[in-house]
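Here the structure comes first, spelled out in structure tokens, and everything after it is commentary.
On a predicted model such as this, the values are computed, not experimentally measured, just so you know.
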Amino acid sequence: MDKKIGLKRIIISNMLIVLGASILAIVIKSTLPADVNVEDFDSTLVKLIGFPAVATLYFIVLYSHCVMVIQYFGKKSKLSKLQIGFRFGVVFALIYIFGMQEVVVEASPFDEWGFSFVKYQFFIGITDALPAFLLCMASSYFTLNDGFSIKQKHLLSIMDKINIVIFVTLTFLIQRAIGYEIGFVDSNISTFPVPTYLWTIIFGIILGLSYLYLYPIFSKEQDIFILPFKIVVLTIGVNWIVFNSFIGLIFDGVMVQMLFRTGIDILVFYLSVVIVHMWIVKVKNSTT
């Protein structure tokens, strides 16, 4: 059995891991073609401390959240530390890769959506995702005591999983569609409607799958309100909000919009999962 890891070692290790992942992300990005004009970034913070400092601060905050949820929730899980790191790493990586594909052309070097946009955003997403995945694996390995894989109770059935993914996707699509059409969510729906809705459907699926992939880490918690809150809000939600806040950090006047849209995303995501869990409990109770 592993010896209990000391608090001092945990703090120092995670600080170094976050710093290393942030440096790696910045170094990888610096190797990509400089298609973005830094002079277009007009936020007060960029003008005050400069874009490199803003980008560095952003990565430190983003990756710090990753290690915080690993440390807080991972140490309570019965899964092995490598399984915990892998699951968190995959989920955060998927969010960054597919999140970067949101059709917001104005925030890219391109004037229209197309293959060049998709390719560029994919590589930008990878530069965020790869350091995050390595960070999760390293943080779990060096700061968690190794658990043991057991046959877990209360896991979801195949039909339960399908229902969660479908319902999360539909509700994400509906709430975003309302936002697009009414106009309280800025989008490229008027110029690129098909890619915008296609991304919305795909990202809804990613959210549902991410919930399912993290579920075994949290499945010891059986409260149908608290369990989704830990996964959807505290883990995926906060990270999605921080990830999207980068646009607000570099462009003037868009932070409120970014926080509003991501806040609505997470609220609807959370309510969707709670509703499905309530339905699952009701069905199981009716069959017993």
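Side-chain atoms of N163 and W279 form no donor-acceptor pair, as typed in the model, at a separation below 3.5 Å. Judged by distance alone, the side chains of S157 and D160 do bring a donor and an acceptor atom under 3.5 Å apart. Side-chain contact, Q71 with S139: no donor N or O sits under 3.5 Å from an acceptor N or O.
Rounded to the nearest 0.5 angstrom, K81 NZ and M137 CE are separated by 10.5 Å. For the atom pair OH of Y270 and OH of Y211, the computed distance is 9.5 Å after rounding to the nearest 0.5 Å. Between T56 atom OG1 and I23 atom CD1 the span is 8.5 Å, to the nearest 0.5 Å. Atom-to-atom distance recorded for L57:CG and S22:OG is 9.5 Å, nearest 0.5 angstrom.
In this structure, S140 contributes its side chain and G85 its backbone to a donor-acceptor pair below 3.5 Å. Distance alone, capped at 3.5 Å, places no donor-acceptor pair between the S13 side chain and the I10 backbone. A donor-acceptor contact shorter than 3.5 Å links the side chain of Q101 to the backbone of V118. One N or O on the side chain of H65 and one on the backbone of L234 form a donor-acceptor pair closer than 3.5 Å. Between the R87 side chain and the Y213 main chain, a donor and an acceptor come within less than 3.5 Å of each other. Under a 3.5 Å cut-off, the side chain of S245 and the backbone N or O of G248 do not form any donor-acceptor pair. Remark: the backbone N or O of P193 is not paired with any side-chain donor or acceptor of N188 at under 3.5 angstrom. Side-chain atoms of K220 come within 3.5 Å of backbone atoms of K76 as a donor-acceptor pair (strictly under, hydrogens ignored). The backbone N or O of D223 sits less than 3.5 Å from a side-chain atom of E221, completing a donor-acceptor pair. A donor-acceptor pair is defined here as one N or O able to donate and one able to accept, closer than 3.5 Å; such a pair exists between the side chain of T235 and the backbone of K230.
F133 and F88 have their aromatic ring centers separated by at least 6.0 angstrom. Annotation: F172 is not in aromatic contact with F269 [ring centroid separation under 6.0 Å not met]. For F203 and F98, the distance between ring centers is not under 6.0 angstrom. Ring centroid separation for the pair F92 and F243 does not come in under the 6.0 Å cut-off.
Using cut-offs of 30° and 60° for the angle between ring planes, the Y197 and Y180 rings count as perpendicular. Classification of the F51-F41 ring pair by plane angle, with boundaries at 30° and 60°, yields tilted.
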Can R261 and D186 be said to form a salt bridge (Lys or Arg N to Asp or Glu O under 4.0 Å), step by step? CA-CA 9 Å; R261 71 195 295 170; D186 291 340; 5.9 Å; no
Decide yes or no on salt bridge (Lys or Arg N to Asp or Glu O under 4.0 Å) for K47 and D252, but give the supporting numbers first. CA-CA 10 Å; K47 294 176 181 177; D252 186 48; over 6 Å; no
Could you go step by step and tell me if E181 and R176 meet the salt bridge (Lys or Arg N to Asp or Glu O under 4.0 Å) rule? CA-CA 9 Å; E181 300 300 336; R176 274 301 185 104; over 6 Å; no
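Residues L207 and I162 do not share a hydrophobic cluster, defined by chaining ILVMFWY side chains whose heavy atoms lie under 4.5 Å apart. In the hydrophobic clustering of ILVMFWY residues, with side-chain heavy atoms under 4.5 Å counting as a link, I17 and Y72 come out together. Clustering ILVMFWY residues whenever any of their side-chain heavy atoms sit less than 4.5 angstrom apart, transitively, puts I164 in the very cluster that holds M278. Under the 4.5 Å side-chain heavy-atom criterion for ILVMFWY residues, no single connected hydrophobic cluster contains both L19 and M15. Under the 4.5 Å side-chain contact rule for hydrophobic residues, L82 and V69 share a cluster.
The two residues S272 and T171 make their nearest non-hydrogen contact at OG-OG1, 2.6 Å. Taking both residues in full, the closest heavy atoms of V168 and G208 are given as CG1-N, 3.8 Å, listed atom of the first, atom of the second, then distance. Between F246 and A55, the shortest heavy-atom distance links the atoms CE1-CA, 4.2 Å.
For I174, the side chain to side chain contact (heavy atoms under 4.5 Å, CB included) partners two or more places apart in sequence, or in a different chain, are I178.
At least one side-chain heavy atom of K29 sits less than 4.5 Å from a side-chain heavy atom of F59. Counting heavy atoms from C-beta on, the side chains of Y96 and L62 come closer than 4.5 Å. Taking 4.5 Å as the limit, every side-chain heavy atom of F218 sits out of range of all side-chain heavy atoms of S77.
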